[in-house]
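In what follows, chains carry the letters A, B, and so on, assigned in the order in which the sequence lines appear, proteins first and then strands, with residues in each chain numbered from 1. The basis for the numbers below is simple: all heavy atoms, side chains too, and nothing from hydrogens, waters or symmetry mates.
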Number of protein chains: 2
Amino acid sequence: MKLSTKGQYGVRAMFDLAQHFGQGPVSLKMVAERQDISEHYLEQIIAGLRKAGLVNSIRGAQGGYILSKEPSAITVGDIIRVLEGPVAPVDCVNEELTERCARADQCITKMIWAKVRDSIEQVIDGITLADMVKEAEKMRFAEGNYMYHI
Amino acid sequence: MKLSTKGQYGVRAMFDLAQHFGQGPVSLKMVAERQDISEHYLEQIIAGLRKAGLVNSIRGAQGGYILSKEPSAITVGDIIRVLEGPVAPVDCVNEELTERCARADQCITKMIWAKVRDSIEQVIDGITLADMVKEAEKMRFAEGNYMYHI
DNA sequence: ATAAATCCTACTATTTTAATAGGATTTCTT
DNA sequence: AAGAAATCCTATTAAAATAGTAGGATTTAT
């Protein structure tokens, strides 16, 4: 029941882009540094996100990446589906597979995995990059207050 | 975001035992046949469940496995945790790891994975083997009705 | 005695994961 | 025009996890 680093890194990278949305293109080098991720590996990850249309790229010096939509229009689910494939704990509840589970009629467990899938989707489709940025600002504020009072 | 076959098979095997609860020990051979799982592989899986105290075994001819508790006292979550480890999409929300995420203070994504984890747990800890057996009986009834009307 | 079962350790092929390597191309800046 | 800073692209690889297999030792009902 694990998310690979690809999904984790992807969400963190997109979050980073969201935090700098409206400030022009952000280079991978900066993202990789701030998020402590291998730049080369991040390249592959963001390539997927670009092909899926979640980010736009600008080549050449002073180039970089920009979210293709407003942070409020991109959810964590969008990112995870691109990098990890459809959310389905097991294949027989994968809605993209047309062939049915061979033993579907007796597959009572199928209902369970469907419920797990639905609950995961409800969470990740309900959180946008804008939500994350907002939350991070709240945290930073709380931190600042704390420091001040020491 | 996948569950390995170990977890899937384990739940199906336990479900099988639940369906025959009260009828004496059930051999792996029967479970493997009915659930269409390699008997040898199932052996390894059930060994984990036995060591965790979820099933009791009876050796020798006419032996087999019996749930250690009533089906209503065993949840899907119990089974999955034994076979797949703690439910945590990423390590920094794994409550069993005492060491904290190195960049926890800026780890806004941590909150997301925690929410995902919680929603998964709410589902799998809320379903008992007894629920599954009941549901399967309902399905069988519906199926029978359907056949009758053809 | 035999057969049916659990128990146990080790091995292995395949796939996935998580990168690394090495360059080709594009574009801004000077 | 040169150089630097970036994206883009393909291939390779080491390590781990996955999904089993193999082969027997032990226990117990019949």
[N] [atom2] sits how many Å from [X] [atom1], rounded?
| X | N | atom1 | atom2 | answer |
| --- | --- | --- | --- | --- |
| A/Met30 | D/dA5 | CE | P | 14 Å |
| B/Asn56 | C/dA5 | CG | P | 18 Å |
| A/Lys29 | C/dC28 | NZ | P | 19 Å |
| B/Leu42 | C/dC8 | CG | C1' | 16 Å |
| A/Ile37 | C/dT17 | CD1 | P | 17 Å |
| A/Leu83 | C/dA18 | CG | P | 12 Å |

### Query
Is there a side-chain contact between B/Met132 and B/Val76 (heavy atoms, below 4.5 Å)?
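They are in contact (side-chain heavy atoms under 4.5 Å apart), so the answer is yes.
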#### Entry: Within-4.5 Å side-chain heavy-atom neighbours: A/Leu129 and A/Leu67
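A/Leu129 reaches A/Leu67 side chain to side chain.
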### Query
OP1 or OP2 of C/dC7 sitting under 4.0 Å from any side-chain N/O of B/Ser57?
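Answer is yes, contact under 4.0 Å.
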### Query
Does a nitrogen or oxygen in the side chain of A/Arg50 sit under 4.0 Å from OP1 or OP2 of D/dC8?
yes
### Message
For nucleotides 17-30 of chain D, give me one character per nucleotide, 5' to 3': B if any protein heavy atom sits under 4.0 Å from the base, S if the only such contacts are to the sugar-phosphate, - if neither.
### Response
--BBBBB--BBBS-
### Residue pairs involving residues 64-84 of chain A (criterion salt bridge (charged side-chain N to carboxylate O under 4.0 Å, His left out); sequence neighbours excluded)
A/Arg81-A/Glu121, A/Arg81-A/Asp125
#### Entry: Those residues that, when tested against B/Glu135, pass salt bridge (charged side-chain N to carboxylate O under 4.0 Å, His left out) (two or more places apart)
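Here the qualifying residues are B/Lys138.
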### Task
Answer with base, sugar-phosphate or nothing: what part of the nucleic acid does B/Ile46 contact at a heavy-atom distance below 4.0 Å?
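Nothing: the residue B/Ile46, judged by heavy atoms under 4.0 Å, touches no strand.
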### Message
If the test is side-chain contact (heavy atoms from CB on, under 4.5 Å), which one of A/Leu49, A/Leu28, A/Asp16 qualifies with A/Tyr65?
### Response
A/Leu28
#### Entry: Shortest non-hydrogen separation from A/Arg117 to A/Val93 and the atoms involved
NH1-O, 2.7 Å
